[in-house]
There are 2 protein chains.
Amino acid sequence: MENLQIHIKVSPETFLKDPNASDLGRKIVSASISLINELGFEAFTFKKLGINIGSPESSIYRYFESKHMLLIYLTYWYWSWVEYKLVFAITNIKSTKQRLEKAIIILTKTVEEDGLFSHINETLLDRVVMNEGVKSYHIKEIDEENEKGYFKVYKRVVKRVSDMILELNPKYKYPNMLVSTVVEGALMQRFFAEHLPALTNIEKGKCNVTKFYNELVFSVINLHDD
Amino acid sequence: MENLQIHIKVSPETFLKDPNASDLGRKIVSASISLINELGFEAFTFKKLGINIGSPESSIYRYFESKHMLLIYLTYWYWSWVEYKLVFAITNIKSTKQRLEKAIIILTKTVEEDGLFSHINETLLDRVVMNEGVKSYHIKEIDEENEKGYFKVYKRVVKRVSDMILELNPKYKYPNMLVSTVVEGALMQRFFAEHLPALTNIEKGKCNVTKFYNELVFSVINLHDD
DNA sequence: CAAATATAATAGTATTACTATCACATTTGC
DNA sequence: GCAAATGTGATAGTAATACTATTATATTTG
């Protein structure tokens, strides 16, 4: 990917002070990604993060209301980034089928490269979302948080891909369910591959998750190869 | 379903003292299911549970090491119960296709009836698993807990259905991924239907989740209606 | 009837998830 | 160039959480 000066904008609702606008803010975000990876979300605390970056926890609280809101911020960033990759990947491609194939790759492949966006390690963030992402919405307060728009980019990503499916088969009844099944399912399968392999059919070095979901999507919308 | 005197056995590894063997134990389990539903898993505490049942929290700690282990117990019970329903439903049915169809119904339908097992409200437990189930394994300690066997019944349920798929199409490459996608996906779609409907295509009163996954499974293993 | 077991009642601890205050350094606006 | 605003550090404090420990009492069992 080219080294463009693109900036991922995260909804101001998710933070108290824009972490992207200061050194400390960027340090908080980038260190939190590594630390959540290291400790898991439950054991991760602002106190430990503060020690990690050499700042008091009170300074972190000036940026994020709680560690939950930090997770919301990170997932919001992640899905905005996925959306960007999605739009970029399908530009100038005329065939809807090819566009959908590209979309499935983006939604299902493990992120390996990174470096486009200065302070965020996309590979590590991809792991955070895989391991802890569901905790951002599996909460009692989901309805209020949904109303505040915390999940709107995620929903937009699903809609973009659903629309491709409807273009290919306007009669298909469950495009949103299909796409959300693929999106969440892919993260889950990658998690299972590492920890509960009996629930998967992953082979070393092979992109089986992508293959599996690609086959799944095209077979259910009745578009086997040509 | 008939009122059989069936007892769901949960691995002793999950508790300190068998909650099924005493009045207090059964009260703890049944009250915890309602209270987790009411408060969500994060706000749920043994202290509140104690107040709810009129016992000190120290008594609850004699049964379960932590609230996490209580969740493990509940999900273990749930999947054992699903396995029982699965085996019961396919007994004496010769057609593998019909068996798989029944299995998909069991794995994807919301639980509405209950009462077979005295102290556990299966409808409420189904909701706990839908809302909080992923938190039982999305933890840093997953590998050790997997080795202790906490997820073995869940894996067995997946295997039973995978085997049906392989019977129908021995060449299908991803039976485990397909089944775990269906199992987790169905819980997720039901959760989305309540809170993030934009991610679904649920219509009121219709079993779209079941229909969607049924169609998905049979189309990908190449077994459209006869 | 003694011993074992189960539960209640109470207390205590380290950690968590914050909130509040004040000092100081830096940036910015006029 | 100076005052005001802003950002950060340092420190303290609090209610709640997730436990552990101890003792007393009631009940069951051998």
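Just so we're on the same page: letters track the sequence lines, and every chain starts at 1.
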Rounded distance (Å) that lies between atom P of C:dA17 and atom CE of A:Met69: 16 Å
Derivation and outcome, side chain to side chain contact (heavy atoms under 4.5 Å, CB included), residues B:Asp126 and B:Glu112: CA-CA 9 Å; B:Asp126 184 50; B:Glu112 271 149 2; over 6 Å; no
Among B:Leu35, B:Asn131, B:Leu71, side chain to side chain contact (heavy atoms under 4.5 Å, CB included) partner for B:Phe41: B:Leu71
Interface with DNA chain C, restricted to residues 28-64 of chain A and to heavy atoms under 4.0 Å: A:Thr45, A:Lys48, A:Glu57, A:Ser58, A:Tyr61
A:Phe191 ring center within less than 6.0 Å of B:His138 ring center: yes
Distance in angstrom units between A:Leu24 CG and D:dT6 C1', rounded: 13 Å
Atom pair distance, as rounded to whole Å: CG in A:Leu16 and C1' in D:dT8: 15 Å
Any donor-acceptor N or O pair under 3.5 Å, side chains A:Ser162, A:Asn176: yes
For atom CG of A:Asn20 and atom C1' of D:dG7, their distance in whole Å: 17 Å
d(CG, B:Asp23; P, D:dT28) in whole Å: 10 Å
Polar side chain donor-acceptor pair, B:Tyr76 to B:Ser136, under 3.5 angstrom: no
Distance in angstrom units between B:Leu70 CG and D:dT17 P, rounded: 16 Å
Rounded distance in Å - CZ (A:Arg26) to P (D:dG7): 13 Å
A:Val111, A:Leu125, A:Leu86 screened by side chain to side chain contact (heavy atoms under 4.5 Å, CB included) with A:Trp81, the one that passes: A:Val111
Below 4.0 Å: OP1/OP2 of C:dT16 and any side-chain N or O of A:Lys67: no
